[in-house]
Amino acid sequence: MTYRFLPHTADIRVAIEAPGFEQLLAEATVVVRGLLAGTGRVEEREERRLTVRGADPTEVFLRYLQELLYLFETEGFLPATVDTDRFAGTEAVIRVSGEVSDPARHEHQPEVKAVTRHGLTVVRGDVGWRAEVVFDV
Amino acid sequence: MVTAQIAVERIDAYRWRVKRGGGMRTEGLIFADTELMHDLEGDQCVQQVVNVAHLPGIVGPSIAMPDIHWGYGFPIGGVAAFDEKEGVISPGGVGYDINCGVRLLRSPLTVDEVRPHLARLMDALYHSIPSGVGSSRSDVKLSPRELDRVLERGARWTVEHGYGHERDLECIEANGSLPGEPDVVSARAKKRGATQLGTVGSGNHFVEVGYVAELYDEEVANRLGLRAGGVTFFIHSGSRGLGYQVCDDYLDLMVEAARKYGIDLPDKQLCCAPLTSPEAARYLGAMNAAANYAFANRQLMAHYVRKALAKIFGDDVAQQADLVYDVAHNIAKFETHEVAGRKRRVCVHRKGATRAFPPGHPELADRFSDIGQPVLIPGDMGRYSFVLVGTPGAFSETFGSTCHGAGRRMSRHQAKKVARPRNVPRELEERGILIRAASRRTVDEEIPEAYKDVQQVVDVVHGAGIGRKVAKLVPIGVVKG
């Protein structure tokens with residue numbers, strides 16, 4: 001599993017690779033956690049259960065990331081780890097473990113407004129999955 | 001010159017044409033000087049100008065302002081007008097931060113009077129206007145019914161509740177109120193917006209104390225209450241989480257709509273619906289509601305600027321802190337423009353662009369009818385900002401639009417790398433600019449050199465006749481998210 005930041009003038013553009021879709025979500029969670037909490041450690045203290053649906057894996061991926069931003073903005077919830085209980089192409093049932101942001105341990109980061117569809121790709125290749133996504137900041 | 005395999009030819013000192021090709025329905029028109037144009041190499045924003053030119057019903061060129069940079073869907077700094085019957089509306093042409101915009105207040109104080117009290121003033125501003133990611137207010141709690149009223153009435157709701165004066169409304173684009181429809185705003189969006197009214201947010205948003213450093217048109221400046229050395233307050237913010245969620249919700253709808261109406265998209269973020277469709281009507285109602293939230297948000301922050309002034313300098317000073325103007329720079333609006341000799345009603349998308357109506361436009365309040373609409377162009381936190389007025393040139397060439405700011409030239413990653421070994425707040429303090437920030441990361445990402453020189457941007461729009469310089473403002477204190 002790996003991710004790297006790609007050039008973008010104003011926003012955050014990331015490429016993520018993983019052997020399976022479930023791992024792709026896990027790696028994307030690491031990216032989002034960094035954008036929301038920086039390098040501060042996030043403990044697995046609470047769990048949120050999510051069911052995300054979309055027309056295809058790209059939309060499922062997008063909606064999962066949107067849910068993470070929504071949980072952070074409305075509850076201050078930071079993701080630590082993720083387990084995908086079920087993924088069936090157009091639906092994923094996911095458990096996200098994490099904790100509510102603690103200003104003493106989690107440095108304020110610039111706001112991530114949204115996950116965009118600009119250049120959004122989620123593709124399955126010979127050796128696994130690859131996603132590219134731009135976050136509006 | 002060729003930018004990312006796109007043929008761009010120079011028209012004159014300030015204009016470049018992107019030739020029509022492929023599926024483009026019109027050509028592109030970029031306002032820039034040679035140096036700004038070179039800055040765009042390696043950036044995908046020119047491709048985004050091309051992409052916008054593919055959309056159905058586009059009227060006139062796909063336009064880019066000199067502060068153009070790579071966005072999502074539309075470029076930041078993009079303007080496009082669409083025919084009311086043949087055209088489309090695209091949430092990607094407005095952006096997530098619906099009615100992100102700026103407002104400027106002037107005070108009766110001079111910079112010399114404020115300097116000795118600046119640290120206290122900055123502390124008062126920092127503590128009375130919450131900033132940073134997810135910032136919220138505990139003193140302005142909106143019931144679901146009150147939030148709906150904000151979404152319907154915008155800045156008028158704020159004034160009706162004692163946060164400002166009736167006069168303020170005359171000095172806001174659209175009088176601070178658009179026909180918003182709370183019923184088409186989702187519960188998720190309302191949840192995100194419930195506690196954020198009166199907060200500045202993060203990223204490039206700010207509250208800035210500055211002073212008038214230079215006058216280019218003293219007569220117009222005086223009409224706006226701007227005098228050399230006079231202290232001003234810039235507020236840059238938008239519709240916060242509520243607007244982001246409205247955009248997200250309607251992008252979902254527009255992806256389906258584009259498929260339903262058979263619209264080919266060069267970028268999915270440009271998903272859209274015909275302006276005559278029910279999907280467009282719903283988005284317009286929700287977008288206007290979010291725009292109203294943003295108008296109310298900036299109005300409420302202006303109230304707290306006045307409270308901070310009252311705390312440090314007394315009630316008399318606060319009561320004389322008048323609004324110069326408030327403009328949106330992420331919005332889509334129906335307007336009437338003359339195109340090829342005939343008047344047409346079009347939906348003008350401005351994404352990172354400012355309305356710049358000329359003298360005599362019927363939408364302007366009487367106080368601006370002979371000078372044109374004030375246009376507020378913030379720069380970076382270390383240099384300067386500008387006040388302009390709208391011109392007939394903007395009305396005839398750019399659907400009454402001009403630039404909106406400096407525009408980024410450095411990625412956030414690059415900016416952090418440059419700033420990491422430095423202490424940027426201290427550097428700025430040594431130059432007489434006090435910073436109060438919720439996050440050092442934001443300050444690092446927003447270092448002055450991460451932006452184009454806004455003077456250069458403004459000189460292009462002034463030279464091209466799509467805006468006219470009135471005054472230059474220099475910062476002395478900035479609250480960042």
Side-chain angles (χ1 to χ4, degrees), chain A residues 4-14 32 34-40 52-56 58-60 62-78 100-101 103 106-122 132-137, chain B residues 39-40 42-45 48 69-73 76 92 95-97 131-135 188 191-192 194 196 201-205 238 240-241 243-245 247-248 251-252 255-256 267-271 352 407-414 437-442 444-446 450 480-481:
Chain A
R4 64 194 168 93
F5 291 97
L6 303 173
H8 195 289
T9 319
D11 295 318
I12 304 284
R13 183 173 165 224
V14 196
V32 171
L35 294 176
L36 301 179
T39 52
V52 286
R53 296 184 183 90
D56 52 34
T58 305
E59 289 288 319
V60 171
L62 172 81
R63 283 168 205 274
Y64 171 62
L65 298 183
Q66 287 174 335
E67 285 299 324
L68 292 184
L69 297 188
Y70 182 75
L71 285 173
F72 178 66
E73 188 164 305
T74 55
E75 301 176 26
F77 182 80
L78 291 168
V100 173
S101 175
H106 304 124
E107 191 193 350
H108 269 292
Q109 303 296 309
E111 186 170 44
V112 181
K113 291 177 189 159
V115 191
T116 79
R117 285 184 166 85
H118 172 58
L120 176 67
T121 53
V122 176
E132 210 173 295
V133 60
V134 174
F135 295 90
D136 179 25
V137 288
Chain B
D39 273 352
L40 306 185
D43 190 291
Q44 288 187 22
C45 59
Q48 292 183 316
H69 59 262
W70 188 356
Y72 43 86
I76 310 298
Y96 287 95
D97 196 357
S131 59
V133 58
S135 48
R188 277 167 79 95
K191 185 174 178 184
R192 290 177 77 166
Q196 293 185 335
S202 176
N204 61 357
H205 293 170
R240 311 284 287 108
Y244 315 158
Q245 188 66 47
C247 185
D248 258 342
L251 283 168
D252 290 347
V255 165
E256 293 303 317
D267 176 355
K268 221 172 179 183
Q269 190 76 23
L270 289 173
C271 56
R408 280 194 85 91
R409 71 165 9 131
M410 196 185 278
S411 75
R412 291 173 188 279
H413 182 71
Q414 253 181 307
S439 157
R440 180 186 165 167
R441 288 280 305 272
T442 303
D444 286 354
E445 289 188 6
E446 295 290 314
K480 292 291 287 183

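Every chain is numbered from 1, with letters handed out A, B, ... down the list of sequences.
- Between atom CG of residue B:Asp248 and atom CZ of residue A:Arg117 there is a gap of 7.5 Å, rounded to the nearest 0.5 Å.
- With a 4.5 Å cut-off on side-chain heavy atoms, A:Arg63 and B:Asp252 count as touching.
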Please determine whether side-chain contact (heavy atoms from CB on, under 4.5 Å) holds for the pair B:Arg240 and A:Glu73, giving the CA-CA distance in whole Å, both sets of side-chain angles, and the decisive distance to 0.1 Å. CA-CA 11 Å; B:Arg240 311 284 287 108; A:Glu73 188 164 305; 5.8 Å; no

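- Atom-to-atom distance recorded for A:Gln109:CD and B:Arg440:CZ is 12.0 Å, nearest 0.5 angstrom.
- When each of A:Val112, A:Leu62, A:Val115, A:Thr116 is scored by its heavy-atom pairs under 4.5 Å with chain B, the top score falls to A:Thr116.
- Contact annotation for B:Arg409: only backbone heavy atoms (N, CA, C, O) come within less than 4.5 Å of a heavy atom of chain A.
- Heavy-atom distances place no part of B:His413 under 4.5 Å from chain A, backbone and side chain included.
- Listed options B:Gly71, B:Cys45, B:Gly407, B:Gly203 were ranked by heavy-atom pairs under 4.5 angstrom with chain A; first place goes to B:Gly71.
- Residues satisfying the ring pair (Phe, Tyr, Trp, His ring centres under 6.0 Å) criterion with B:Tyr96, sequence neighbours excluded, are B:Tyr72.
- Of the listed residues B:Ala438, B:Ala450, B:Gly92, the one with more heavy-atom pairs under 4.5 angstrom with chain A than any other is B:Ala438.
- Of the atoms belonging to A:Val137, heavy atoms from both backbone and side chain fall under 4.5 Å from chain B.
- A:His108 is linked by a ring pair (Phe, Tyr, Trp, His ring centres under 6.0 Å) to nothing, counting only residues two or more places apart in sequence or in another chain.
- A side-chain contact (heavy atoms from CB on, under 4.5 Å) with A:Pro110 is found for one member of B:Glu446, B:Glu445, B:Lys480 and no other, namely B:Glu445.
- Here B:Arg192 is the residue among B:Gln414, B:His205, B:Met410, B:Arg192 with the most heavy-atom pairs under 4.5 Å with chain A.
- The OG1 atom of A:Thr74 sits 4.5 Å away from the NZ atom of B:Lys191 when rounded to the nearest 0.5 Å.
- Between A:His118 atom NE2 and B:Leu270 atom CG the span is 9.0 Å, to the nearest 0.5 Å.
- Heavy-atom distances place the backbone of A:Pro7, and not its side chain, under 4.5 Å from chain B.
- When heavy atoms are compared at a cutoff of 4.5 Å, B:Gln196 approaches chain A solely by way of its side chain, counted from C-beta outward.
- For the atom pair NZ (B:Lys268) and OG1 (A:Thr58), the distance works out to 6.5 Å, reported to the nearest 0.5 Å.
- Here the CZ atom belonging to A:Arg13 is positioned 15.5 Å from the CZ atom belonging to B:Arg412, to the nearest 0.5 angstrom.
- The candidate with the highest count of non-hydrogen atom pairs below 4.5 Å against chain A, out of B:Asp267, B:Thr442, B:Asn204, B:Val255, is B:Asp267.
- Only the side chain of B:Gln48 comes within contact range of chain A, judged by heavy atoms closer than 4.5 Å.
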